[in-house]
Every structure is written in structure tokens, then in C-alpha cells.
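Below, chain A is the first sequence line, B the second, and so on; all start at residue 1. Here the structure is a predicted model, which is why all the values come from computation and not from measurement.
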Protein chains: 2
Amino acid sequence: MPDDSSLHSGERTFPSNPVRLDAIDRALLRLLERDARTPNNALAESVGIAPSTCLGRVRVLRERGVIRGYHADVDPSATGHPLQAMISVRLQADARGRLAEFVARVSRRPEVRDVYFLAGDDDYMIRVATADSVALRDLVGTMNSWAEVAGTRTSLIFEHHRAPDTY
Amino acid sequence: MPDDSSLHSGERTFPSNPVRLDAIDRALLRLLERDARTPNNALAESVGIAPSTCLGRVRVLRERGVIRGYHADVDPSATGHPLQAMISVRLQADARGRLAEFVARVSRRPEVRDVYFLAGDDDYMIRVATADSVALRDLVGTMNSWAEVAGTRTSLIFEHHRAPDTY
DNA sequence: AATGAAAGATAGTGGCC
DNA sequence: GGCCACTATCTTTCATT
């Protein structure tokens, strides 16, 4: 297996093959999205195929990039980062050439969890998890001090719910 | 093991125990965040403890809610939802009693992937994945038609990068 | 593509330190 | 907490259809 689990997955995909998914593939994706550690045996039984067949299917899904990785969902509070926020960032109008600089800078900050590159009123949306409000204020202050940043808006995250993909 | 893998994890935690994490726990979390399917054997070797010990550690992390689940990261494009967007939602000023109604409605939409409940300029941030721009426009139109919604702002997501937690 | 069987690897238990 | 030894279970390969 090619181990690209260390490539922290961005969302761009280069569909080497359009990848036709049948009903069984979709069922497997649903199950693995729910619990990525479901044993191959159990997956196979759930979708009604032999374990060896199931193994092959999942490998193909992984190799073709349909499955980009398997990740533990770790509670930020438990690791000392209970305060989460969404920071909308507008860059300077003339900063088109400095997009990479901004991304590099922001990615270096350990508080950053998600970086969304947007088309719309804002240029970026950054989700961060910090230890406390002091750390958050520092981070926002730092970002505002960067030359390419025109402005930021920060919203605290009270609650977050995920929904699985539906196919 | 209590199987709560089917509870699509929200971010609230009720720290039954403050859960002290030592260096080994943090190493395990890092490894499992990178690749949730790393075999217990390999985890144990990486962090320098016996496999059985490692098994116990990971189980405790799971039971205490430090690890909330294990999820496959599925490429939305591969499942026919290549167009992603962030939708900021402001509710009507008098809609405080209708928060639950909004969340219920929005959660029913299959396009919705993340619902962030915010404190700030906006009340909610919704991440969605749709088949095309028609589907996105329909969704935004629908949300704007709800009585409790004062307004929305939609930004297309061009690119998304995740960063792992750093402990 | 899918399968069953066999071999090897891994997970999980319990007794002990 | 942690480890070792053991058993149960799972993964993976491969010859076959």
C-alpha cells in the first residue's frame, strides 16, 4: 500500500479515473466514514461480499483517492485547546501574488486546524483551536499585522456538528 | 467497548475526568490522527510500549472521549459533490427561540457537512458539498426562505487544507 | 471481478510484576 | 501502569471460477 497517510489531505483531487462507484462501494464508504476501524471482516459481511473481495475494493478506493485517509477525531478540549474560532480573512487587493505567502505563514501556526481558500467576500476562512482567549487574541493580532492582510473577522465556535456524506 | 461510533460527533465534551495525557498518550493521538488504521503493534513500537499496554491506552482514550471516533476522509468530488461552499447565516434578532428549529432544518439537508454554531457577526457557518451550482443556488434559496433566517452569505471553497492537532 | 482456504499477522485476555 | 504468554480473530495472498 502506498502510504500517503502522512500527506495532510487537501481537497483537490485529480481524478486519474472518474472512478465509478457502485452500490457496494458507496456502502463501504458510508461504513468507513462512520467508523474507519471497522474490521474488513465486518465490512464484508455488512455489504454482502467475501472478505478478500472487500479488501480489494477498499484498496482500490484508497488508491484511486476516493478515500483520502483515515483519521482519529481528537477532542480539542482534551488536548488543551478548548477555545475554537472561525477567522475570516480578507487580503489586500494587490496581494494576489502573496497568496502563497499568507498560506505558508498561517499554516505555520499550530493553532490552525482548517484553511479554506474562498471565492466570495472573504479570501480565507481559518478554523483555529486555542488554549484560551489570550492565545486567540494574540493569533488574530498577529494575523492582522501581516502586510498582505486587509482585515479579519473572528467568530467563536460554540458548537460543531458534522454530518456524514450521503450517497 | 461502548459503540458510540454511530453518534456523529459534535464537539461538546463532558470531561468526566479531566484526563491527564502524558507524552505517550499524545504520541498515540498524533499517530492515530495521521492514520487511524495504524495497527496496534505498530503504534506500540512507535511509542515504545508493549502492544497490550498500547491497546489499553488507546481504549482508555476512546472511552474517556479524548478520541471521539475514527473516520475515513472521503473525497466529495468522487461521490458526485465537487462544489463546496461556506454559508454564513444570520438569524432574525427575535429568533433566539428558534435556534433548534434552524439546526433541525439545516441538518436534514444532505448537502450539509459541518454546522458551526457561532458567537460573532454571524450565528451559523455551514459547510456544504453539492453536485453543481444549481444545487447550491437551490440550497441557499431554500435557507433564505426560512422565516428564522435574516440573511446568508455564500463563499465558494476552492481549496481546503487540514492541519493536525499539535500537542 | 469474485471466491474460499490457508498462512501469517494482529487483537484482545488474564495472570503476574 | 506495565509486561508476557496465550488464544481468538482478522488480514492477506493465491489458485480457482
Side-chain angles (χ1 to χ4, degrees), chain A residues 1-6 15-75 78-80 167, chain B residues 1-6 15-74 78-79 167:
Chain A
M1 171 170 71
D3 181 11
D4 34 312
S5 60
S6 62
S16 49
N17 273 347
V19 192
R20 295 236 163 270
L21 302 178
D22 64 15
I24 292 176
D25 290 322
R26 284 189 286 269
L28 290 173
L29 292 176
R30 250 192 316 270
L31 290 165
L32 288 171
E33 221 171 33
R34 249 182 205 286
D35 184 0
R37 296 188 53 147
T38 311
N40 182 64
N41 271 347
L43 289 178
E45 196 186 2
S46 289
V47 306
I49 58 180
S52 53
T53 309
C54 188
L55 202 68
R57 289 246 189 184
V58 173
R59 182 176 31 229
V60 168
L61 291 171
R62 184 73 170 91
E63 284 169 354
R64 299 261 171 101
V66 175
I67 297 172
R68 295 190 289 210
Y70 303 100
H71 305 287
D73 175 20
V74 176
D75 183 352
T79 61
Y167 341 106
Chain B
M1 172 172 68
D3 181 12
D4 35 310
S5 59
S6 63
S16 51
N17 272 346
V19 192
R20 295 239 163 267
L21 302 177
D22 63 14
I24 291 175
D25 290 322
R26 284 190 287 270
L28 290 173
L29 292 176
R30 250 193 316 270
L31 290 165
L32 288 171
E33 220 171 34
R34 250 182 205 282
D35 184 359
R37 296 186 56 148
T38 310
N40 183 63
N41 272 348
L43 288 178
E45 196 185 2
S46 290
V47 305
I49 57 180
S52 56
T53 309
C54 188
L55 206 65
R57 288 244 189 188
V58 174
R59 181 175 36 228
V60 169
L61 290 171
R62 184 74 169 91
E63 284 169 354
R64 299 260 171 102
V66 176
I67 297 173
R68 295 191 289 208
Y70 304 99
H71 305 286
D73 175 20
V74 175
T79 60
Y167 339 107

Examine the base of C/dG4 for any acceptor or donor lying under 3.5 Å from a partner atom in the side chain of A/Ser52, and report the outcome as yes or no.
-> yes

Name the nucleic acid region contacted by B/Asn40, choosing base, sugar-phosphate or nothing; use a 4.0 angstrom heavy-atom cut-off, strictly under.
-> sugar-phosphate

Please report the distance, rounded to the nearest Å, between [atom1] in [X] and [atom2] in [N].
| X | N | atom1 | atom2 | value |
| --- | --- | --- | --- | --- |
| B/Ile49 | D/dG1 | CD1 | P | 12 Å |
| B/Arg57 | C/dG12 | CZ | P | 18 Å |
| A/Asn41 | D/dT11 | CG | P | 5 Å |
| A/Asp35 | D/dC10 | CG | C1' | 15 Å |
| A/Glu45 | C/dG4 | CD | P | 13 Å |
| A/Arg62 | D/dT12 | CZ | C1' | 18 Å |

Identify which nucleotide among [options] has an atom closest to any side-chain atom of [X], counting heavy atoms from C-beta outward.
| X | options | answer |
| --- | --- | --- |
| B/Pro39 | C/dA11, D/dC3, D/dT12 | C/dA11 |
| B/Arg59 | D/dT12, C/dT13, C/dA2 | C/dT13 |
| B/Ala50 | D/dT11, D/dC3, C/dA2 | D/dC3 |
| A/Leu55 | C/dT3, D/dC4, D/dT11 | D/dT11 |

Any Lys/Arg nitrogen of B/Arg57 or B/Asp22 sitting under 4.0 Å from an Asp/Glu carboxylate oxygen of the other?
-> yes

Starting from the 5' end of DNA chain D, give me the residue, B/Arg37 or B/Ile24, whose nearest nucleotide shows up first.
-> B/Ile24

Report the residue from B/Val58, B/Ile67, B/Ile24 that forms a side chain to side chain contact (heavy atoms under 4.5 Å, CB included) with B/Leu29.
-> B/Ile67

Return the 5'-most residue of the pair B/Ala42, A/Asp22 with respect to DNA chain C, ranking by each residue's nearest nucleotide.
-> A/Asp22

Can you name the nearest heavy-atom pair linking A/Arg68 to A/Arg62, along with the distance?
-> O-NH1, 3.4 Å

Cationic tip of A/Arg37 above B/Tyr70 ring, under 6.0 Å, 45° of axis | yes

Please answer whether the main-chain N or O of B/Pro51 pairs with a side-chain N or O of B/Asn40 as donor and acceptor at a distance below 3.5 Å.
-> yes

